[in-house]
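For reference, the structure discussed in these notes is given below.
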Amino acid sequence: MFVNKGGKQRTSRAGWSGEGEVAIDPDYPTRLNFYQKAPLLEISIEEFEQFALDRLQVLKAIEAAQLRGRDEAEIFKQVEAVCRERMCLSASAGSMAIRHDERRKDHISHFILRLAYCRTEDLRSWFLRYECALFRHRLMAVDAAEKQRFIASLNLGHKQLSKKEKDLMRTELMASCAHIPNFNFENESFLEVNFEDALDLVQHRRVYLRNGYAYVPAMEQMALVIGEFKRRLAASLEMYAKALPRMDEDERLMPVLLNISRQNTGKEYTTDAVAGKVTADDVEPLSALFPLCMSHLHNGLRSEGHMKHGGRMQFGLFLKGIGLPLDEAIVYWRRAFHKSTDDEFQKKYVYNIRHNYGMEGKRADYTPYSCARIITSNQPGAGDHHGCPFRHFSPDNLRRELLVSGVDEADVQEMLQLVTGGHYQVACTRLFEVTQLARARQQGKAAANVASAETITHPNHYFEQAFNLMSPGKQQNGMEIESGANASQHAIGKRWRGSN
RNA sequence: GGCGGC
DNA sequence: GCCGCCAACATA
Ligand code: SF4
């Protein structure tokens, strides 16, 4: 865990300003927190889960607000409302004991999620993004005195320029502030910080740089603090990720954490035709039921944090076909494109997603691509992951891809044979049999009592067949999650429970 | 990705 | 540089 360099922060003179007579909690002097020190976990399981869930709800609400909210003010309002409901932090209301409990909850819940969300790159970047957003929100919400008190307690080493130094760099400093509306050089003070502490500002050319130092106008200090928060949290998440495997075995914590990181907003599922309403969080677990073309796209998306246009079409429509509604699709893609900024995402991708769902222009509700279309048109080029693996992969690549999927040598041979004969969809059907069908048999599903499957004609057909193999034969009474269990069974289990 | 507009 | 509009079609 990090050593808090400024650990001896206490009252300073802050008691005289802002909050007036309100006593200061030595554990949590302000509502803001850099979460440098892990809390002592003396806490019941119920409280543990409740805390985590509440914070998760807040982070998800921020995500939703940023996607839906029209302007900054509206987003702020929405976030504020959720914060008040699930993670309220009072400035001076109530007793000190109450404020202490609120801040303790904030503290603990942060660390639970930090633990739960350190596991994979995807989870880390999602958590980092929205923790920063939450921190930023609070930084804007608290009053100036409390903010200053907090920043001072951090000891970030922001040295304020003396009048003399400032005058020496006058022209350069003024030039760097040209973008600020009505900037008054005389009244502004400047901070000298290591330039790597101000990377965000440097990138946007909003500061003057000189041999390793950035000179930041004091009004931009908030950006520095947020940047620092982000750096430290990111570093800590990396550390946690490396440390996690070691506590994996003996801790009973792990299952709880796993459960948290896959928690949904608590929506209920209805079992209609196929998979019912699918949420952004369901895509991952359900990917075990995807045909090869789609799982290949899905993998590419996960490892690259991005997907080219052809793939977005093929995969996006497929997802719509499995029951992912528009708003969930937007959340899903936003989350998957973890390299993009909100702004870029909004501008470049949202329109097209909406268009695919028939919400834009001609308002056509497009059907997902069929195998025939995928195989014949729009050949994938360099950097593309769309197309049909059986058709577009080299025999070598295809063999590797199949072996990775756990197909045994003999079956791979058979499929390669079919492919050379141009029977791509038959090969795909064979894959269905040796993976989906075989697993269903092994689990004693009633629906698996067939010798072979019908030939696959459509990726969504593949998915639906695979999905239907799961639900009808629950012979073991909901105890599907055994040794070989993969994530898909969890999601399906949820539906079974919901459908009784 | 293509087409189109400023 | 900003933006809009399009493509699809299995299927019990
Ligand atoms: S045959 Fe159809 S479903 Fe199977 S991989 Fe090719 S395109 Fe996808």
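Throughout, a chain's letter reflects where its sequence line sits, starting with A, and its residues are numbered from 1. This is a predicted model, so every value here is computed, not measured.
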Side chains of A:Asn397 and A:Arg400 only: does a donor on one sit below 3.5 Å from an acceptor on the other?
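Present: a donor and an acceptor within the cut-off.
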Exercise: do A:Gln413 and A:Gln417 side chains pair donor with acceptor under 3.5 Å:
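Checked: A:Gln413/A:Gln417 side chains show no N/O donor-acceptor pair below 3.5 Å.
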Distance, rounded to the nearest Å, where [X] contributes [atom1] and [N] contributes [atom2]:
X: A:Leu317; N: C:dA8; atom1: CG; atom2: P; answer: 10 Å
X: A:Asp365; N: C:dC9; atom1: CG; atom2: C1'; answer: 11 Å
X: A:Ile353; N: C:dG4; atom1: CD1; atom2: C1'; answer: 16 Å
X: A:His386; N: C:dA8; atom1: NE2; atom2: P; answer: 13 Å
X: A:Arg354; N: C:dA7; atom1: CZ; atom2: C1'; answer: 18 Å
X: A:Asn356; N: C:dC9; atom1: CG; atom2: C1'; answer: 14 Å
X: A:Phe432; N: C:dA10; atom1: CZ; atom2: C1'; answer: 15 Å
X: A:Ile456; N: C:dA12; atom1: CD1; atom2: P; answer: 14 Å

Out of [options], whichever nucleotide has its closest atom nearest the side chain of [X]:
X: A:His309; options: C:dC5, C:dC9, B:rG1; value: B:rG1
X: A:Ala364; options: C:dA10, C:dC5, C:dA8; value: C:dA8
X: A:Asn352; options: C:dC6, C:dA8, C:dC5; value: C:dC6
X: A:Lys347; options: C:dC3, C:dA10, C:dA7; value: C:dC3

Please classify the nucleic acid contact of A:Tyr366 as base, sugar-phosphate, or nothing, using heavy-atom distances under 4.0 Å.
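Answer is base: heavy atoms of A:Tyr366 come under 4.0 Å of a base.
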Under 4.0 Å between a side-chain N/O of [X] and OP1 or OP2 of [N], yes or no?
X: A:His461; N: C:dT11; answer: no
X: A:Arg373; N: C:dC9; answer: yes
X: A:Lys362; N: C:dA7; answer: yes
X: A:Tyr351; N: C:dG4; answer: no

Would you kindly check whether a donor in the side chain of A:Ser370 faces an acceptor in the base of C:dA10, or vice versa, at under 3.5 angstrom?
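It does not, because no donor-acceptor pair links the side chain of A:Ser370 to the base of C:dA10 below 3.5 Å.
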Apply ring-ring contact (aromatic ring centres under 6.0 Å, His included) to the pair A:Tyr208 and A:Phe190, showing each step before the final yes or no.
CA-CA 10 Å; A:Tyr208 171 50; A:Phe190 284 81; 9.4 Å; no
Dump the intermediate steps for side-chain contact (heavy atoms from CB on, under 4.5 Å) on A:Leu128 and A:Glu131, then the final yes or no.
CA-CA 5 Å; A:Leu128 182 63; A:Glu131 272 296 320; 5.8 Å; no
Mind checking the C1' distance from C:dA10 to B:rG1? Whole angstroms is fine.
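One C1' to the other, the span is 25 Å.
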Is there side-chain contact between A:Gln436 and A:Tyr462, with heavy atoms separated by less than 4.5 Å?
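In short, these two side chains touch, coming nearer than 4.5 Å.
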